[in-house]
Amino acid sequence: MLTQDGTDIVPLDRETVFYRQSGVRLELDSSNGGYPGAGSSYNSKNGTLLLTNQRVVYICAEPTAYFSSASLPINSIEDSKLTAPWFSAPAFKAVVMPVPRGGLTQPARLTIWFTQGSLSEFELQYRSLKDRLQELDGHAPEHLEQLPVYEAPLSSSSAATATRSDPGPSPYTTGTSSAPLPQPLPHPTSTNLGTVPAASSSNAPQSSTMGPAGENLPPPPHPEARPTAPGTTPIPTDLPPQYDDI
């Protein structure tokens, strides 16, 4: 049943609208190949499509005395599929089974062309409602539950990587069993560089020569000292060597 102006539906008991799209073309054919008297065919080039928790409703934008709207229970729609032809709009196709006190006397082929809007969004909502109806044994769901977000399980390689990425406690942290940190050596200063302690004069050995009777003898002459004759001047030994005149 439609409102008085014929632009919207009168909701059924506990009915909720989940999808609405205008600019949709519909064809419902039960003629069984076009033989006279074999069935009926309904066509509309422009209209509004509604998807509720109980049915699929189509309202013609330009109703006629022959066809103004179609109300198809979701449980009566079977074998649905999506098509995307090259030279026409994407379409939703299915088979509609007749229901008691309905307008169909035999199965009909349903085609809905989405010249506007998103066909994938309609199909997703339709599939969700169809599954919920089967779970509730034909009772109309009042709302659609969102599926939980899929999370991939943590693989063994990822767990091993996560374990290796943890460096653990540092060996230089303070603890009961950790060794103290090494301390730097003191920097040397100028006061202790190249200093050699002088030997005590009392402990230094004395160079002396003792004679047979215990007397002190003069120190022996230097190895390089040469004896000189009396009345001659000693020649210095530290002069440079002489070269003969050429």
Side-chain angles (χ1 to χ4, degrees), residues 1-12 14-34 39-99 102-136 138 140-147 149-150:
M1 181 180 296
L2 303 179
T3 57
Q4 293 182 355
D5 57 2
T7 59
D8 204 352
I9 61 173
V10 176
L12 301 177
R14 306 181 67 178
E15 185 176 26
T16 304
V17 177
F18 288 96
Y19 180 86
R20 182 190 299 266
Q21 178 62 53
S22 59
V24 178
R25 176 186 172 189
L26 179 139
E27 179 182 282
L28 185 62
D29 184 13
S30 63
S31 61
N32 194 17
S40 58
S41 179
Y42 303 91
N43 292 276
S44 175
K45 295 183 179 181
N46 186 17
T48 301
L49 180 69
L50 294 91
L51 176 63
T52 74
N53 58 341
Q54 301 183 35
R55 54 183 175 161
V56 176
V57 181
Y58 182 84
I59 304 174
C60 299
E62 298 178 357
T64 63
Y66 180 70
F67 181 47
S68 60
S69 65
S71 178
L72 311 173
I74 294 180
N75 288 332
S76 66
I77 302 176
E78 301 177 358
D79 300 331
S80 62
K81 62 180 180 179
L82 304 180
T83 60
W86 286 97
F87 303 104
S88 62
F92 173 85
K93 294 185 176 183
V95 176
V96 180
M97 306 302 294
V99 295
L104 296 176
T105 57
Q106 58 186 6
R109 295 184 299 272
L110 171 67
T111 306
I112 303 174
W113 288 273
F114 285 77
T115 56
Q116 298 181 14
S118 174
L119 171 59
S120 59
E121 181 181 354
F122 168 80
E123 202 270 342
L124 178 63
Q125 297 284 355
Y126 169 79
R127 293 289 181 187
S128 299
L129 287 169
K130 189 79 171 179
D131 294 341
R132 290 289 291 163
L133 283 171
Q134 293 178 357
E135 293 175 0
L136 299 176
E142 298 183 4
H143 63 277
L144 293 179
E145 298 179 357
Q146 297 294 334
L147 295 176
V149 179
Y150 173 77

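The residues of the chain are indexed from 1 along the displayed sequence.
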Would you mind writing out the side-chain donor-acceptor pairs for residues 19-26 within the sub-3.5 Å range, not counting sequence neighbours?
| from | atom 1 | to | atom 2 | distance (Å) |
| --- | --- | --- | --- | --- |
| Y19 | OH | S118 | O | 3.3 |
| R20 | NH1 | D8 | OD1 | 3.4 |

Residues passing the salt bridge (charged side-chain N to carboxylate O under 4.0 Å, His left out) test with E27, sequence neighbours excluded, are none
* To do: Could you pull out all residues at least two apart from E121 that satisfy salt bridge (charged side-chain N to carboxylate O under 4.0 Å, His left out)?
  =>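 Expected list: none.
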side-chain contact (heavy atoms from CB on, under 4.5 Å) partners for S69, two or more places apart |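 By the side-chain contact (heavy atoms from CB on, under 4.5 Å) rule, S69 matches L2.
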Applying side-chain contact (heavy atoms from CB on, under 4.5 Å) to P90 and not counting sequence neighbours gives L119
Who pairs with [X] by side-chain hydrogen bond (donor to acceptor under 3.5 Å, both in side chains), at least two apart in sequence or on another chain?
| X | result |
| --- | --- |
| S80 | R127 |
| T3 | D5 |
| N43 | S41 |
| T48 | none |

task: Would you list the pairs meeting salt bridge (Lys or Arg N to Asp or Glu O under 4.0 Å) in which at least one residue belongs to residues 50-72, sequence neighbours left out?
output: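 Matches after skipping sequence neighbours: E15-R55.
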Q.
Measuring only between side-chain heavy atoms, which start at C-beta, is P85 closer than 4.5 Å to W113?
A.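 Contact flag for P85/W113 side chains = no.
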Q.
Quick one, F67 and L28 - any side-chain contact, counting heavy atoms below 4.5 Å?
A. no
_Check for me whether the distance between the ring centres of F92 and Y126 falls short of 6.0 Å._
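Judged by ring-centre distance (under 6.0 Å), F92 and Y126 do meet the cut-off.
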Residues 84-99 vs side-chain hydrogen bond (donor to acceptor under 3.5 Å, both in side chains), sequence neighbours excluded, gives none
My understanding is that only residues two or more places apart in sequence, or in another chain, count here; which of them pass ring pair (Phe, Tyr, Trp, His ring centres under 6.0 Å) with F114?
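Only F122 meet the ring pair (Phe, Tyr, Trp, His ring centres under 6.0 Å) criterion with F114.
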